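Report on one structure; see the data block that follows.
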Amino acid sequence: QVQLGESGGGLVQAGGSLRLSCVVSGRTSSAYAMGWFRQAPGKEREFVAGISRSGTKTAYTDSVKGRFTISRDNAKNTVYLQMDSLKPEDTAIYYCAAESTWRDHVPDGPYDYWGLGTQVTVSS
């Protein structure tokens, strides 16, 4: 059974930075494409960023391009989301997700496994 564990969330002022981490356990992370999603209060969950199995392909939603960077270290079974120039509208619970795939691509979904999430709050 694959388990995902997020960490790194917290409270930060607008313009600040946070780095989220997601540790994959139960199977090597290189078997999965990985993604970060977020859900703000009263809103639907949305895709934030994704990365292929090898880490050579990435994708971002338009609102975070140039500010967020997704990366992975398969030797550590960990995926990261570096978030810079944070804005109050980035406030949400951030979820890590994994999709089992043989292709080296960033999938549209659906993702097979999900973490419990980590809260990110950006104050103005």
Side-chain angles (χ1 to χ4, degrees):
Q1 181 70 19
V2 174
Q3 292 184 322
L4 307 179
E6 303 97 334
S7 63
L11 173 64
V12 64
Q13 288 188 332
S17 298
L18 285 173
R19 188 174 83 153
L20 305 183
S21 299
C22 172
V23 177
V24 181
S25 59
R27 191 177 174 189
T28 178
S29 65
S30 61
Y32 302 95
M34 303 294 295
W36 285 98
F37 291 74
R38 66 187 179 187
Q39 187 167 20
K43 295 186 177 181
E44 293 188 353
R45 185 173 61 194
E46 66 170 343
F47 172 84
V48 176
I51 190 165
S52 64
R53 291 178 55 178
S54 69
T56 57
K57 302 179 179 68
T58 59
Y60 300 90
T61 191
D62 286 346
S63 63
V64 308
K65 285 180 180 177
R67 300 189 298 121
F68 290 10
T69 303
I70 189 171
S71 62
R72 67 189 300 161
D73 184 341
N74 285 337
K76 296 182 178 179
N77 286 330
T78 303
V79 178
Y80 305 98
L81 185 67
Q82 177 68 41
M83 305 186 296
D84 299 318
S85 301
L86 282 161
K87 303 176 181 180
E89 51 263 44
D90 294 318
T91 295
I93 299 174
Y94 283 71
Y95 299 91
C96 175
E99 178 173 321
S100 179
T101 175
W102 61 270
R103 294 176 57 193
D104 190 38
H105 72 140
V106 181
D108 294 329
Y111 283 73
D112 302 306
Y113 303 98
W114 293 84
L116 296 179
T118 185
Q119 176 70 48
V120 171
T121 304
V122 184
S123 63
S124 57

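Keep in mind that this is a model prediction, so the values were computed, not measured.
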Exercise. Below 4.5 Å, heavy atoms only, C-beta onward: do Tyr94 and Gln119 meet side chain to side chain?
Worked result: no
Problem set entry | Centroid separation Phe68 to Trp36 less than 6.0 Å | no
Exercise. Which heavy atom of Leu86 sits nearest a heavy atom of Met83, and at what distance?
Worked result: CD2-CB, 3.8 Å
Exercise. Side chain to side chain contact (heavy atoms under 4.5 Å, CB included) between Leu81 and Leu18: does it pass, once the steps are laid out?
Worked result: CA-CA 8 Å; Leu81 185 67; Leu18 285 173; over 6 Å; no
Problem set entry | Minimal non-hydrogen separation, Ile70 against Met34, with atom names | CD1-O, 4.2 Å
Exercise. Is there a side-chain contact between Val2 and Val24 (heavy atoms, below 4.5 Å)?
Worked result: yes
For this session: Look at the side chain of Asp112 and the backbone N and O of Glu99, then say whether any donor-acceptor pair between them is shorter than 3.5 Å.
Result: no
Exercise. Would you find a donor on one side and an acceptor on the other, under 3.5 Å apart, between the side chain of Thr78 and the backbone of Lys76?
Worked result: yes
For this session: Look at the side-chain heavy atoms of Ile, Leu, Val, Met, Phe, Trp and Tyr, link any pair under 4.5 Å apart, and say whether Trp114 and Leu20 land in one connected group.
Result: no
Seminar exercise, completed: Closest non-hydrogen atoms of Lys43 and Gln39, given as atom of the first, atom of the second and distance, are O-NE2, 3.1 Å
For this session: From the options Glu44, Glu89, Glu46, select the one residue that forms a salt bridge (Lys or Arg N to Asp or Glu O under 4.0 Å) with Arg38.
Result: Glu46
For this session: Please indicate whether Leu11 has more than 12 foreign heavy atoms, meaning atoms of other residues, nucleotides or ligands, lying under 6.0 Å from its CG.
Result: yes
Exercise. Do Asp104 and Ser54 have side-chain N/O donor and acceptor atoms under 3.5 Å apart?
Worked result: yes
For this session: Looking only at non-hydrogen atoms, find the nearest pair between Phe47 and Ala59 and report the distance.
Result: CZ-O, 3.9 Å
Exercise. Under the 3.5 angstrom rule, does the side chain of Glu6 hit a backbone N or O of Gly117 as a donor-acceptor pair?
Worked result: yes
Exercise. Should Val23 and Leu4 count as side-chain neighbours, where that means a heavy-atom distance under 4.5 Å?
Worked result: no
Problem set entry | CA sep, side-chain torsions, deciding dist, call: Arg27, Ser100, side chain to side chain contact (heavy atoms under 4.5 Å, CB included) | CA-CA 11 Å; Arg27 191 177 174 189; Ser100 179; 4.3 Å; yes
Problem set entry | Short N-O contact, Asp90 and Lys87, less than 4.0 angstrom | no
Exercise. Which pair of non-hydrogen atoms, one from Gln82 and one from Ser17, has the smallest distance, and what is that distance?
Worked result: NE2-CB, 4.0 Å
Exercise. Does the ring of Trp102 carry Arg53 above it, NZ/CZ under 6.0 angstrom from centre and within 45° of its axis?
Worked result: no
Seminar exercise, completed: Closest heavy-atom pair, Val106 versus Ser52, reported as atoms and distance to 0.1 Å, is CG2-N, 3.8 Å
Exercise. Taking C-beta and beyond as the side chain, do Arg67 and Tyr60 meet within less than 4.5 Å on heavy atoms?
Worked result: no
Problem set entry | Thr91 side chain vs Thr121 backbone, donor-acceptor pair below 3.5 Å | no
For this session: Would you please say whether a donor-acceptor pair under 3.5 Å links the side chains of Tyr80 and Arg19?
Result: no
Exercise. Do Asn74 and Thr28 pass the side chain to side chain contact (heavy atoms under 4.5 Å, CB included) test, and can you show the C-alpha distance, the side-chain angles, and the key distance before you say yes or no?
Worked result: CA-CA 7 Å; Asn74 285 337; Thr28 178; 5.6 Å; no
Exercise. Aromatic ring centroids of Tyr111 and Phe37 under 6.0 Å?
Worked result: yes
